Number of protein chains: 2
Amino acid sequence: MIDVSAEKGSSTPLYIQIANSLRRQINEGRIATGDALPSERDLCELTGASRVTIRKAVGQLIEEGLLFRKQGSGTFVSQRIEVPGTYLSGFSDDAHARGQEPGCIWLMKNYANPTVEEAAVLKVPTTSKVARLGRVRLSEGEPLAIEHAIVVASLLPPIEEIGDSLYAALEKSGNRPALGHQKVRASLATPTEAGLLSIGENSEILRIERVTRLADGTIIEFTRSAYRGDRYDFVTELR
Amino acid sequence: MIDVSAEKGSSTPLYIQIANSLRRQINEGRIATGDALPSERDLCELTGASRVTIRKAVGQLIEEGLLFRKQGSGTFVSQRIEVPGTYLSGFSDDAHARGQEPGCIWLMKNYANPTVEEAAVLKVPTTSKVARLGRVRLSEGEPLAIEHAIVVASLLPPIEEIGDSLYAALEKSGNRPALGHQKVRASLATPTEAGLLSIGENSEILRIERVTRLADGTIIEFTRSAYRGDRYDFVTELR
DNA sequence: AAGTGGTCTAGACCACATA
DNA sequence: ATGTGGTCTAGACCACTTC
């Protein structure tokens, strides 16, 4: 039987407590894959919450892909799906998530004016100040990618304070990227890139252009990367 | 001033009508970028709907990225973001969305048993029946990609009834894919691929492996594609 | 006919932002 | 202090599924 605990004194919203409680029990297998959840009205009685609140809790788990609803029939536990989707993470986070140790060789780290193209993408004047961050990214000591980030300087801490992770630096100054847009293209390595990545000329390269924004839409960063095609798979979840 | 019409007789839910009405007015520029929406309570009065309904309508537009909320302050119009994200669309839909005419040359279209790898991905026995659909995909008459789809036969209409769009066929049998997972990799064209795509050997190729599922998690389809790297950008939105 | 999710209302109190 | 979004309740009716 399902039990749903709901602490009264807690400051976390009730619907999140209920969602967490349900998620835990599903993950523990107390509700089997394909089985129906108790009906929303039953959950109301079990938790003492109103139906709107129950629906909000269940809605959370549906967005996570853990449950799905069938009108007139019930709410059911989805079949297992491995990863929820690693949205908008940077290279360092990605590497850690894969259990690898990220490394970094700085190619450039200075302030400059944006090029015309960069200014157009960032929607700032060409006279404004941007940080130009060029890095070779390593994983387990092996070069995996070249990243060239252009960041609006006013949104970033002083560049001397920036460690290997750009996103950690943005976080520190309260400008966590919330939205983004990526273009991925297959291409061939230029001689320079081949050298930096220790691969042959004309080897396959995955080029990624990323533009990220704050929640209010302000553009923060324009990054062009070149990933080794033989080592890197770009993975996305679809809905 | 904002006006929000809400037809009473209509069968479409109120919150969707309101969301549509707001979306239209934002797109028409009647509420400027960066401006605040009327408060939720004001929208209640303007529409005659309750606050829960207003919040559901606004929530829709926030998921679309059109609006964002600031607690204690208001709900604001995001800066323009081009495309809402072309999630889980097929080649035909994509081409139409770009305003291009898709074409298709069939390489194979038959029933068979899955290979060991395919069976593992689809989570079906190697003795089960699958449809094997091989196509060269054209856009504006030019070959753009090679697609090789393996589909669980029981979820598909008889293959004779399948037109150029696999997703349209799945839709017809009530098995619209709802979830998916993609891997994108840069690679080089094999001689066969080069021939089918009218490009040189060892040209850049974007390889995409896609696994799609029904809402309940049942795996439908495993598709391996090879896109011309010089013509195709793979675009994703990040959150 | 009974049970389920889908939608909707009219209130209420809280935490946060702004002035 | 006022207004905003964030949460929550106790009901209600509808459409759909299942028996």
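Heavy atoms only: backbone and side chains are in, while hydrogens, waters and symmetry mates are out. Sequence lines set the chain letters: A, B, ... in the order given, protein chains first and strands last, and positions in each chain run from 1. Given the structure is predicted, the values throughout are model-derived calculations rather than measurements.
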Q: Applying side chain to side chain contact (heavy atoms under 4.5 Å, CB included), name anything that partners A:Val124, two or more places apart in sequence or on another chain.
A: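 Counting only residues at least two positions away or on another chain, A:Val124 forms a side chain to side chain contact (heavy atoms under 4.5 Å, CB included) with A:Pro114, A:Leu122, A:Ser128, A:Val152.
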Q. Residues in salt bridge (Lys or Arg N to Asp or Glu O under 4.0 Å) with B:Glu117, at least two apart?
A.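 Partners of B:Glu117 by the salt bridge (Lys or Arg N to Asp or Glu O under 4.0 Å) criterion, ordered by chain and then number, come out as B:Arg224.
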Q.
Can you list everything that forms a salt bridge (Lys or Arg N to Asp or Glu O under 4.0 Å) with A:Arg41? Sequence neighbours excluded, please.
A.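 Applying salt bridge (Lys or Arg N to Asp or Glu O under 4.0 Å) to A:Arg41 gives none.
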(Q) I need a per-nucleotide contact map over nucleotides 5-12 of chain D, read 5' to 3'. Cutoff is protein heavy atoms under 4.0 Å; write B for the base, S for backbone only, - otherwise. (A) BBBSBB-B
Q.
Could you work out, with ring pair (Phe, Tyr, Trp, His ring centres under 6.0 Å) as the rule, every residue matching B:Tyr227, not counting sequence neighbours?
A.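 Ring pair (Phe, Tyr, Trp, His ring centres under 6.0 Å) check on B:Tyr227 returns B:Tyr232.
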Q: For residues 17-75 of chain A, pull every pair meeting ring-ring contact (aromatic ring centres under 6.0 Å, His included), keeping only residues two or more places apart or in separate chains.
A: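 Residue pairs passing ring-ring contact (aromatic ring centres under 6.0 Å, His included), neighbours aside: A:Phe68-A:Phe76.
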Q | Interatomic distance, A:Leu67 CG vs C:dG5 P [rounded to whole Å] | A | 11 Å
